[in-house]
Trainee: 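Got a structure here, written out as structure tokens. Questions coming.
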Amino acid sequence: MKGKKPVPYVITEACLDVMDKSCMEECPADCIYEGDRMLYIQPDECVECGRCEPVCPQISIFHHEDLPDRAEQSQRINAEFFTLEIVGAEPLGSPGGARKVGRIGRDHPGVGA
């Protein structure tokens, strides 16, 4: 993502409709949020510890430097999920912890497209 701080870790569409949530349990920063059909990492809350990546059974989490070319749009989707108004809802921003927010129940418009 040119001109912006990269999303440290990216959840790709391999998570779509699977959402195993092992990564959520492993994350010490509580920065992995549950959308409707996939999970998202809040880039400002991520401490870049990498504990989420090896526990993902779908191999859908990548460090931004290791993100496959075919998954480049996932980096944008992951970051925008927290800044866009989605289906009339206010942007999430940095809520400060997924557990206190719970399931979001909506996804970025580009998910599954």
Side-chain angles (χ1 to χ4, degrees):
M1 291 178 43
K2 296 175 185 168
K4 292 184 179 182
K5 176 184 161 196
V7 174
Y9 279 86
V10 177
I11 298 178
T12 66
E13 288 194 8
C15 178
L16 189 64
D17 293 327
V18 176
M19 296 194 304
D20 170 76
K21 300 183 191 170
S22 297
C23 57
M24 292 176 80
E25 295 167 14
E26 190 66 28
C27 179
D30 192 26
C31 69
I32 302 174
Y33 292 77
E34 183 179 357
D36 186 37
R37 298 180 61 202
M38 72 176 279
L39 304 174
Y40 302 86
I41 297 175
Q42 210 298 342
D44 296 328
E45 295 174 5
C46 179
V47 295
E48 208 166 342
C49 68
R51 290 173 54 180
C52 59
E53 188 176 18
V55 299
C56 177
Q58 294 304 115
I59 310 171
S60 65
I61 302 175
F62 296 89
H63 187 267
H64 69 94
E65 293 174 349
D66 300 324
L67 190 64
D69 290 339
R70 67 184 176 352
E72 279 293 318
Q73 78 169 6
S74 295
Q75 188 171 18
R76 178 186 54 79
I77 285 172
N78 228 93
E80 287 180 357
F81 179 74
F82 297 94
T83 60
L84 286 179
E85 287 185 26
I86 300 172
V87 192
E90 292 291 317
L92 286 174
S94 183
R99 286 180 190 89
K100 76 176 185 180
V101 172
R103 186 173 184 274
I104 307 296
R106 62 182 185 270
D107 287 301
H108 184 282
V111 167

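Basis for what follows: all heavy atoms, side chains included, without hydrogens, waters or symmetry-related copies.
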Trainee: Linking I/L/V/M/F/W/Y whenever their side-chain heavy atoms sit closer than 4.5 Å, directly or via other members, would Val18 and Ile77 fall into one cluster?
Mentor: no
Trainee: Cluster question for you: counting only ILVMFWY and a side-chain heavy-atom cut-off of under 4.5 Å, with indirect links fine, are Leu16 and Tyr33 together?
Mentor: yes
Trainee: Do Val47 and Val101 share a hydrophobic cluster, counting only Ile, Leu, Val, Met, Phe, Trp and Tyr and linking them when any side-chain heavy atoms are less than 4.5 Å apart?
Mentor: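 Val47 and Val101: separate clusters.
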Trainee: Do the side chain of Lys21 and the main chain of Glu34 share a donor and acceptor less than 3.5 angstrom apart?
Mentor: no
Trainee: Of the non-hydrogen atoms in Tyr9 and Gly50, which two are nearest, and what is the gap between them?
Mentor: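 What the structure gives for the nearest pair is OH-CA, 3.3 Å.
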Trainee: Is a side-chain N or O of Gln73 found less than 3.5 angstrom from the main chain of Val111, in a donor-acceptor match?
Mentor: no
Trainee: Is Leu39 close to Ile61 at the side-chain level, that is, under 4.5 Å between some pair of heavy atoms?
Mentor: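 With C-beta onward as the side chain, the pair stays apart.
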Trainee: Side-chain heavy atoms nearer than 4.5 Å, only ILVMFWY residues, links allowed to pass through others: does that put Leu84 and Phe81 together?
Mentor: yes
Trainee: First locate atom CZ of Arg70, then atom CD of Glu13, and finally report the distance between them rounded to the nearest 0.5 Å.
Mentor: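 Separation between the atoms: 11.5 Å.
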Trainee: For residues Thr12 and Ser74, report the shortest heavy-atom separation together with the two atoms involved.
Mentor: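 Heavy-atom minimum between the residues: CA-OG, 3.5 Å.
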Trainee: Which distance, rounded to the nearest 0.5 Å, do you find between the CD of Gln42 and the OG1 of Thr83?
Mentor: 9.5 Å
Trainee: State the CZ-SG distance between Arg37 and Cys15, to the nearest 0.5 angstrom.
Mentor: 11.0 Å
Trainee: Could you give the distance from NE2 (His108) to CZ (Arg76), rounded to the nearest 0.5 Å?
Mentor: 5.0 Å
Trainee: Is any side-chain heavy atom of Met24 closer than 4.5 Å to one of Arg99?
Mentor: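 When only atoms from C-beta onward are counted, Met24 and Arg99 do not touch, as no gap falls below 4.5 Å.
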Trainee: Transitively linked via ILVMFWY side-chain contacts under 4.5 Å: Ile32 with Leu92?
Mentor: yes
Trainee: Is any side-chain heavy atom of Val7 closer than 4.5 Å to a side-chain heavy atom of Gln75?
Mentor: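 Answer yes - side chains close enough.
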Trainee: Can you check whether Cys56's main-chain N or O pairs, donor with acceptor, with Ser22's side chain at less than 3.5 Å?
Mentor: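 Absent.
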Trainee: If I take atom SG from residue Cys52 and atom CD1 from residue Ile11, how far apart are they, to the nearest 0.5 angstrom?
Mentor: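 Result: 7.0 Å between the selected atoms.
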Trainee: Rounded to the nearest 0.5 Å, what separates atom CZ in Arg103 from atom CE in Met19?
Mentor: 5.5 Å
Trainee: Going through the checks in order, is the side chain to side chain contact (heavy atoms under 4.5 Å, CB included) test met by Glu45 and Asp30?
Mentor: CA-CA 8 Å; Glu45 295 174 5; Asp30 192 26; over 6 Å; no
Trainee: Determine whether the side chains of Tyr40 and Asp107 contain a donor N or O and an acceptor N or O closer than 3.5 Å.
Mentor: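 On atom types as modelled, these side chains qualify, holding a pair under 3.5 Å.
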